[in-house]
Amino acid sequence: MDNKRIIIALDGHSSCGKSTFAKAIAARLGYIFIDTGAMYRAVTLYALEHGAITSGIVDEARTEALLGEINIDFRFNAARGASDIYVNGDLVEGKIRTIEVSNCVSAVSSIGEVRRRLVALQQEMGRRKGVVMDGRDIGTVVFPDAELKIFMTAKAEVRAERRFKELTAKGDNVTFEEVYRNVVSRDKADTTRSISPLRKADDAIVLDNSHMSVEEQMAWFMERYNEAIKKL
Ligand code: DC
């Protein structure tokens, strides 16, 4: 059975439901889900809390200097059916999805040293296969040999609406326009940065879920998964 476990690389734009989808896939297959965006967010939060970001401006040298003291790990939370992210033993899951972190995370994730550290950690986490890893560069940089690569996207308005509902449900005081601007500016930053820009790997399959339910996405995925497993 072990030799039938693969790496599933799930890349795509911000707020298109990648994490929800990846979590559902992992639960269905008994795989480990790794949210690499949470790792970039955790570094951003740490930089915010340790004076490396002021008034939204990221000090690259200070952020790099902090990297040596940031220890990231995931611990499974049975109640959520997914892993929570910890920094130096502190649970930060609830603190990394604020608009403040979202506004700075693209700048932090464009720092070469940040990417080198996190990519190495991600490669180690996927070494034993049986993982669903969600991010921006998983199929292109982290696991270019992943057996199944999916590139997920949805229209910017649909993504902003989903993120807006999520944030307001949590009590975050944001406007739709603010969230929409963040989605559009992150798309631009993620696709145009010089190191590991977001792009579809040549062998990735596109999933546009603008008008698909979670069930429809799962049925679509299981067909591709079974094809990938047959090829082993
Ligand atoms: O998936 P997310 O929206 O939580 O990701 C947060 C940010 O982290 C996103 O704007 C881009 C960056 N990111 C990245 O550069 N590489 C990854 N593998 C994952 C996320």
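Atoms within a ligand are numbered from 1 in the order they appear, just like the ligands themselves.
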What residues form a ring pair (Phe, Tyr, Trp, His ring centres under 6.0 Å) with Tyr225, not counting sequence neighbours?
Phe221
According to ring pair (Phe, Tyr, Trp, His ring centres under 6.0 Å), who are the partners of Tyr46, at least two apart in sequence or on a separate chain?
His50
Give every pair made of an N or O atom of ligand 1 and a protein N or O atom lying under 3.5 Å apart, one pair per line with both atom names and the distance to 0.1 Å, or write 'none'.
| unit_1 | atom_1 | unit_2 | atom_2 | d |
| --- | --- | --- | --- | --- |
| ligand 1 | 1 (O) | Arg136 | NH1 | 3.0 |
| ligand 1 | 1 (O) | Arg136 | NH2 | 3.4 |
| ligand 1 | 3 (O) | Arg41 | NH2 | 3.4 |
| ligand 1 | 3 (O) | Arg136 | NH2 | 3.1 |
| ligand 1 | 3 (O) | Arg186 | NH1 | 3.0 |
| ligand 1 | 4 (O) | Arg41 | NE | 2.6 |
| ligand 1 | 4 (O) | Arg41 | NH2 | 3.4 |
| ligand 1 | 5 (O) | Arg136 | NH2 | 3.4 |
| ligand 1 | 10 (O) | Arg186 | NH1 | 3.1 |
| ligand 1 | 10 (O) | Asp190 | OD2 | 3.3 |
| ligand 1 | 15 (O) | Arg115 | NH1 | 2.8 |
| ligand 1 | 15 (O) | Arg115 | NH2 | 3.4 |
| ligand 1 | 15 (O) | Arg193 | NH1 | 2.8 |
| ligand 1 | 15 (O) | Arg193 | NH2 | 3.1 |
| ligand 1 | 16 (N) | Arg115 | NH2 | 3.0 |
| ligand 1 | 18 (N) | Thr36 | OG1 | 3.0 |
| ligand 1 | 18 (N) | Arg136 | N | 3.1 |
| ligand 1 | 18 (N) | Asp137 | OD1 | 2.9 |

Of Arg136, Lys23, Arg97, the residue whose pairing with Asp35 passes salt bridge (charged side-chain N to carboxylate O under 4.0 Å, His left out)
Arg97
Residues that Tyr31 engages under ring pair (Phe, Tyr, Trp, His ring centres under 6.0 Å), provided they are two or more places apart
none
Just one of Lys129, Lys230, Arg5 clears the salt bridge (charged side-chain N to carboxylate O under 4.0 Å, His left out) bar with Glu147, so which one?
Lys129
Side chains of Asp84 and Asn77 only: does a donor on one sit below 3.5 Å from an acceptor on the other?
yes
